[in-house]
Amino acid sequence: MTVSTGRDRAFVIVGASLAGAKAAEALREAGHDGPVVLVGEERERPYERPPLSKGYLLGTSEREKIFVHPPQWYAEHDVTLRLGTAVTAVDPAAHTVSLADGERLGYAKLLLTTGSSPRRLPVPGAELAGVHYLRRVEDCERLKAVLRPAARIVVIGAGWIGLETAAAARAAGAEVTVLESAELPLLRVLGREVAEVFAGLHRDHGVDLRFGVQVEALTGGADGVAGVRLADGSTVAADAVVVGIGITPNTALAEAAGLTVDNGVRTDERLRTSDPDVHAAGDVANAFHPLLDKHIRVEHWANAFNQPQTAARAMLGQDVVYDRIPYFFSDQYDLGMEYTGHVEPDGYDRVVFRGDVAGREFIAFWLSGGRVLAGMNVNVWDVTDPIRELVRSGRPVDPAALADPATDLADLADLPDKR
Ligand SMILES: Cc1cc2nc3c(=O)[nH]c(=O)nc-3n(C[C@H](O)[C@H](O)[C@H](O)COP(=O)(O)OP(=O)(O)OC[C@H]3O[C@@H](n4cnc5c(N)ncnc54)[C@H](O)[C@@H]3O)c2cc1C
């Protein structure tokens, strides 16, 4: 059966999460009055994922708080929301998408916001009950049920998801072991200097951190997982295992449709894919960034929140580019941080600290050739504007002034409104 939503005017969005919902909103805000159809395979209306490893997992914030819009918003804005519906194919020549039930929708413009999925643990035993991944709200609810006092929780992977989960598990009174193949947590993202801070944070909160270890198998049986066997032959006992070893972009649809895929769906700075009527945004998009002069794929909330504004306007034919400096945040125990900028692994030559690193109240700057590539404020607030400006300007800065709390960052960034 073919149901056309009005090929000449319909804008179809595939993936009903943060980026998809913000795109629908942006289309309406930009004045598009034709049909907007938002198709998502999850059954929940679009929601935000950060609370799934923080407030909602911790039990400090309510379920209703995770959603991007209230339920009535979609009808009020004449956005057709098709939940529990996977898109199985895109035909760019015919301008149609096929749905799992055989229905086809015509489109004038298509936006792919298909996001990403957790990388699966490729070892024997990984399918045992009690092995958790954390991406969807139901994953969070299953995990929440096992984070209990004295439960033995083993986290595989010391990335953001693994560390935030470790913090939530400790808050619930669980015994937590984190297994990581690298020498430090977050080593590729932060480099050694700042990664040490996160190792110290978790150690101080009673997490058993094991670095440089290889997971060989998960052990257990009909009752579920019982342990994690390491390459050195030792086994770490576990009542539950949480796997956080990274994500991969959901590119299968784009690939099958013949779009250019390379670490995500490749787009230009207008978020347009290799097909002029198909755009991509959020976790799935590997977009050309004009300031950084390269393609980057950003797996963070702010990108999924902001890129759709540009994508929607570009779909409407407006002359817009996406050149925001990447930004993300994390909360673990009493540490809150924001990171502004972009550094490739080993892409910096110096880290400059300002403030009290031991007391975990500081700003770290990653520099290359005297220019600030990124800054991370830890338990220091209201500094992202000057940090962003320092990164954006690409101007060389005096490292001594950067390190000196007496020097106003707004002065260094040459911001007109300093406060
Ligand atoms: C637990 C957790 C905590 C996080 N915490 C932070 C944080 O503290 N700070 C931060 O900056 N970022 C955080 N993130 C990352 C942030 O949530 C993501 O960057 C963001 O969700 C990306 O949004 P998206 O809409 O691009 O993709 P996604 O959220 O991945 O959504 C994509 C949607 O598309 C659907 N879909 C895929 N294929 C199809 C198809 N063929 N048909 C129909 N639907 C499809 C998927 O089911 C999904 O619902 C966190 C992520 C997780 C999982």
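Indexing begins at 1, ligand by ligand and atom by atom, following the structure's order. Small disclaimer: the values here were computed from a predicted structure and weren't measured.
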Which of the atoms of ligand 1 are close to Ala86, meaning less than 4.0 Å from one of its heavy atoms?
42 (N), 43 (C)
Solution key, residues 148-160 side-chain donor-acceptor pairs under 3.5 Å, sequence neighbours excluded:
from	atom 1	to	atom 2	distance (Å)
Arg148	NH1	Ala145	O	2.7
Arg152	NE	Asp239	OD2	3.2
Arg152	NH2	Asp239	OD1	2.8

Are any non-hydrogen side-chain atoms of Arg210 and Asp208 less than 4.5 angstrom apart?
yes
Hey, looking at atom 10 (C) of ligand 1, which of Tyr56, Trp301, Trp160 has the closest heavy atom?
Trp301
So is Asp139 in contact with ligand 1, going by heavy-atom distances below 4.0 Å?
no
Can you check whether Lys109 reaches Asp277 side chain to side chain, under 4.5 Å on heavy atoms?
yes
Say whether Tyr47 and Arg45, considering side chains only, have a donor N or O and an acceptor N or O under 3.5 Å apart.
no
for atom 22 (C) of ligand 1, nearest protein heavy atom and its distance come out as Asp283 OD1, 3.1 Å
Just to confirm my output: which protein heavy-atom neighbour is closest to atom 15 (C) of ligand 1, and how far is it?
Glu299 O, 3.7 Å
Asn250-ligand 1 polar pair, N/O distance under 3.5 Å:
no
Any atoms of ligand 1 less than 4.0 Å from a non-hydrogen atom of Ser116? List them with their elements.
30 (O)
List ligand 1 atoms under 4.0 Å from Phe328, heavy atoms only on the residue side.
11 (O)
Checking contacts here: is it the side chain or the backbone of Ala19 that comes within 4.0 Å of ligand 1, counting heavy atoms only? Could be both or neither.
both
min-distance protein heavy atom vs atom 34 (O) of ligand 1 -> Gly15 CA, 3.2 Å
Starting from atom 49 (O) of ligand 1, find the nearest protein heavy-atom neighbour and note its residue, name and distance.
Glu42 OE2, 2.5 Å
Ligand 1 atoms nearer than 4.0 angstrom to some heavy atom of Gly40 are 43 (C), 44 (N)
Counting only nitrogen or oxygen atoms and a 3.5 angstrom limit, does Ser330 reach ligand 1?
no
Among protein heavy atoms, which lies nearest atom 23 (O) of ligand 1, and at what distance?
Ala304 CB, 3.4 Å
Any nitrogen or oxygen of Gly20, side chain or backbone, less than 3.5 Å from one on ligand 1?
no
Assess whether a salt bridge exists between Arg270 and Asp319, defined as any Lys/Arg side-chain N lying under 4.0 Å from an Asp/Glu carboxylate O.
yes
Assess Lys54 for proximity to ligand 1: is some non-hydrogen atom of it under 4.0 Å away?
yes
Under 4.0 Å, heavy-atom basis, I'd like to know which part of Val298 is in contact with ligand 1: side chain, backbone, both or neither.
neither
Check each of Glu48, Arg49, Lys54 against Leu52 using the side-chain contact (heavy atoms from CB on, under 4.5 Å) test, and report the only one that passes.
Arg49
When rounded to the nearest 0.5 angstrom, what is the spacing between CD in Glu338 and CZ in Arg388?
9.5 Å
Return the residue, atom name and 0.1 Å-rounded distance of the protein heavy atom closest to atom 42 (N) of ligand 1.
Val87 N, 2.9 Å
Minimum heavy-atom distance Asp283-Val298, with the two atoms named:
OD1-O, 3.6 Å
Mind checking whether Leu253 contacts ligand 1 via backbone (N, CA, C, O), side chain (CB onward), both or neither, at a 4.0 Å heavy-atom cut-off?
side chain
Kindly indicate whether the side chain of Pro46, heavy atoms from C-beta on, has any atom under 4.5 Å from the side chain of Leu81.
yes
How close does the nearest protein non-hydrogen atom get to atom 36 (N) of ligand 1, and which residue and atom is it?
Glu41 OE2, 3.7 Å
Only pairs under 3.5 Å count here: list side-chain donor-acceptor contacts from residues 185-198, not counting sequence neighbours, and write none if there are none.
from	atom 1	to	atom 2	distance (Å)
Arg192	NH2	Glu183	OE1	3.0
Glu193	OE1	Tyr348	OH	2.7

Under 4.0 Å, heavy atoms only, figure out whether ligand 1 is touched by the backbone of Thr114, its side chain, both or neither.
both
In sequence, state the C-alpha distance, the side-chain angles, and the governing distance for Phe329 and His300, and then conclude on ring-ring contact (aromatic ring centres under 6.0 Å, His included).
CA-CA 8 Å; Phe329 55 90; His300 293 299; 8.4 Å; no
Taking the six-membered ring of Tyr56, is NZ or CZ of Lys65 closer than 6.0 Å to its centre and within 45° of its axis?
no
Does the side chain of Asn250 pick up a donor-acceptor pair with the side chain of Ser117 at under 3.5 Å?
yes
Heavy-atom contacts under 4.0 Å between Arg136 and ligand 1: side chain, backbone, both, or neither?
side chain
What part of Val284, side chain, backbone, both or neither, has a heavy atom within less than 4.0 angstrom of ligand 1?
neither
Would you check, one step at a time, whether the test side chain to side chain contact (heavy atoms under 4.5 Å, CB included) holds for Gln332 with His202?
CA-CA 9 Å; Gln332 298 166 33; His202 283 269; 2.8 Å; yes
Just jot down the ligand 1 atoms closer than 4.0 angstrom to any heavy atom of Gly282, in number order.
26 (O)
Using only heavy-atom distances, determine whether the side chains of Arg266 and His295 contain a donor-acceptor pair under 3.5 Å.
yes
Does Phe329 reach ligand 1 with a nitrogen or oxygen that is under 3.5 Å from one of the ligand's nitrogen or oxygen atoms?
yes
Side-chain donor-acceptor pair under 3.5 Å between Glu42 and Ser17, yes or no?
no
The atoms of ligand 1 lying under 4.0 Å from a heavy atom of Thr85, numbered in the order shown, are 43 (C)
With atoms numbered from 1 as shown, which atoms in ligand 1 lie under 4.0 angstrom from a non-hydrogen atom of Arg135?
21 (O), 28 (P), 29 (O), 30 (O), 53 (C)
In terms of atom number and element, which parts of ligand 1 are under 4.0 angstrom from non-hydrogen atoms of His300?
10 (C), 11 (O), 12 (N), 19 (O)
Protein contact of atom 1 (C) of ligand 1 - nearest heavy atom, named by residue and atom, plus distance:
Ile161 CD1, 3.5 Å
